[in-house]
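Below is one structure; the comments refer to it alone.
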Amino acid sequence: MSRPFKSVETRHEEEREGVLRALRGLNRRDFMRVSLGALQAAAAANVLFNPHSFCPIRVVSGAEGTPAEGFRIAYISDSHLYRKELNDRFVRNLLRAVDDVNALDPQPDFVLYGGDLAQLGQKEELDLGARILRGVKAPVRMMVGEHDWYLDLGARWQELFGKPHYSFDHKGVRFVVLNSVVEEDFWTARKLTPMERMQTVAGLDNGKQNPFTVGAAQRAWLEKDLGGLAPGVPVVVFSHSPLYKLYKPWNFWTDDAEEVQRILGRFDRVVVIHGHTHQVLTNRIGNIHFHGMLSTAWPWPYAPQGLPELTVQMNRPDPFNPGDGCGDGTVRVHPDGLVDKIYALWNRNPMTVSRAYMTSGGKKDAPPRPGSPSY
Ligand SMILES: [Fe+2]
Ligand SMILES: [Fe+2]
């Protein structure tokens with residue numbers, strides 16, 4: 001008789017349940033032995049074992065663990081889920097990120113999902129992602145990526161998550177979520193099928209697609225949305241692509257970036273947090289501080305040209321260490337609206353790109369430079 005099919009989430013949940021059951025069945029002496037073993041293993045790897053999660057997590061020492069003014073949010077990004085029959089590693093990685101943010105104590109005020117939840121915009125992929133993200137304890141704010149959009153031009157994503165651009169106020173900060181992956185129609189004239197269109201956009205370095213934009217309609221909306229705010233109000237913008245021009249051949253680029261920056265230019269302090277580049281990436285243009293997010297699926301190499309001066313590159317990922325160079329993270333939002341960006345890299349020490357580093361133009365509080373080359 002064939003065994004019943006079990007989804008990867010079911011198996012993951014069963015494994016966790018099994019460990020919990022086994023722990024409950026241990027007598028005190030065995031429990032102490034298991035606990036000591038786990039602690040020794042964690043200490044050897046320079047990680048702390050969080051009792052609320054079966055994923056060992058690295059913790060940031062010092063300021064991260066102490067009560068502070070301002071507030072904290074968390075992020076998960078770029079999970080690129082295939083259907084689970086095709087790739088369950090990426091599914092497990094997203095589950096790991098959900099465990100990480102659920103284990104944060106105190107909990108973040110909300111969790112930003114940074115886009116590219118799906119790999120090819122398929123209903124099964126988006127539905128699977130939505131189901132997994134329902135396991136996040138804190139409220140989740142969604143952002144769209146190009147991999148979510150170009151199969152059905154956002155139809156399923158919007159059914160699940162609503163509008164791709166919106167704003168909200170939280171503790172004195174105006175947060176804005178943009179859809180920065182708007183592309184002009186390159187598919188109709190070429191008579192591409194929806195899947196051909198999706199695969200063209202998903203291929204980062206093909207020459208057929210158009211560059212990403214925020215687009216005139218959304219820029220007009222943004223200007224109006226921010227219109228009533230005084231220049232001193234802190235503004236934090238979430239975009240999938242970086243809102244500057246880094247490297248066009250890979251679409252690490254937003255074509256109308258300068259126009260968006262002009263709208264943001266009248267504020268004293270603006271932070272832009274973006275996905276898409278799957279790496280530690282830091283930039284500053286005038287009053288705007290830019291921070292990239294890690295991916296849970298894979299790290300991209302650094303662009304061969306144009307890397308912003310403030311970026312301290314993360315180490316080259318170890319190909320034999322699954323999940324290395326991936327991760328999730330948190331953002332400490334200070335009362336002035338500027339942030340410390342914490343990269344919770346899996347299997348490594350975390351990296352913090354602090355407000356002081358950004359405001360001093362890299363002179364103060366620089367993150368430790370890695371000992372080996374990036375790419
Ligand atoms: Fe991505
Ligand atoms: Fe992307």
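Residue indices begin at 1 and follow the sequence shown. As the structure lists them, so they are numbered: ligands from 1, and atoms in each ligand from 1.
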Given side chains that start at C-beta, do those of P211 and K248 come closer than 4.5 Å, heavy atoms only? yes
Could you list all the ring-ring contact (aromatic ring centres under 6.0 Å, His included) pairs where at least one residue sits in residues 102-122, not counting sequence neighbours? F110-F168, F110-H170, F110-F175
Taking C-beta and beyond as the side chain, do Q119 and L81 meet within less than 4.5 Å on heavy atoms? no
E184, CD: over 12 other non-hydrogen atoms inside 6.0 angstrom: no
Report the residues that fulfil side-chain hydrogen bond (donor to acceptor under 3.5 Å, both in side chains) with D324, sequence neighbours left out, ordered by chain and then residue number. R348
Within a distance under 2.8 Å of the Fe ion (ligand 1), the protein atoms of type N, O or S are D78 OD1, H80 NE2, D116 OD2, H278 NE2
Using the side-chain hydrogen bond (donor to acceptor under 3.5 Å, both in side chains) rule, collect all pairs that involve residues 359-369, keeping only residues at least two apart or in two chains. S354-D365
